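First comes the structure, then the notes that go with it.
Fair warning: this is a prediction, and the values are worked out from it, not measured in the lab. Sequential numbering from 1 along the given sequence is applied to the chain's residues.
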Amino acid sequence: MHINFAAFLDTLPIMLYGMISIFAVMAAIFAIVAILNRFTK
């Protein structure tokens, strides 16, 4: 099996944006749940 290392390096920024997006969405959901818990005890 041959891995095209140049293509792999080209896809790293795309994967980074995806990981950052997932982290941002999870942080936003966590913040919304924390705010709702604070106001609706």
Side-chain angles (χ1 to χ4, degrees):
M1 183 173 159
H2 178 69
I3 296 175
N4 188 349
F5 194 69
F8 173 72
L9 291 178
D10 288 340
T11 60
L12 282 179
I14 298 169
M15 290 190 287
L16 180 64
Y17 293 142
M19 290 292 194
I20 291 172
S21 300
I22 291 170
F23 179 76
V25 169
M26 288 176 59
I29 291 172
F30 176 77
I32 291 169
V33 169
I35 290 170
L36 285 174
N37 279 335
R38 188 171 298 253
F39 288 124
T40 60
K41 286 186 178 183

Test side chain to side chain contact (heavy atoms under 4.5 Å, CB included) applied to Asn37 - qualifying residues, sequence neighbours left out: Val33
message: Checking one residue: Phe23. Which other hydrophobic residues are in its cluster under the side-chain 4.5 Å linking rule?
response: none
- request: Check which hydrophobic residues are tied to Met19 through side-chain heavy-atom contacts below 4.5 Å, counting indirect links as well, and list them.
  value: none
message: As an exercise, state the distance from CG of Asn4 to CG of Asp10, rounded to the nearest 0.5 Å.
response: 8.0 Å
- line: Excluding Phe5, membership of its hydrophobic cluster (Ile, Leu, Val, Met, Phe, Trp, Tyr; side-chain heavy atoms within less than 4.5 Å) reads Phe8, Leu9, Leu12, Met15
task: Please write out which residues are connected to Ile32 in a hydrophobic cluster, directly or through intermediates, given that two of Ile, Leu, Val, Met, Phe, Trp, Tyr count as joined at side-chain heavy-atom separations below 4.5 angstrom.
output: Leu36
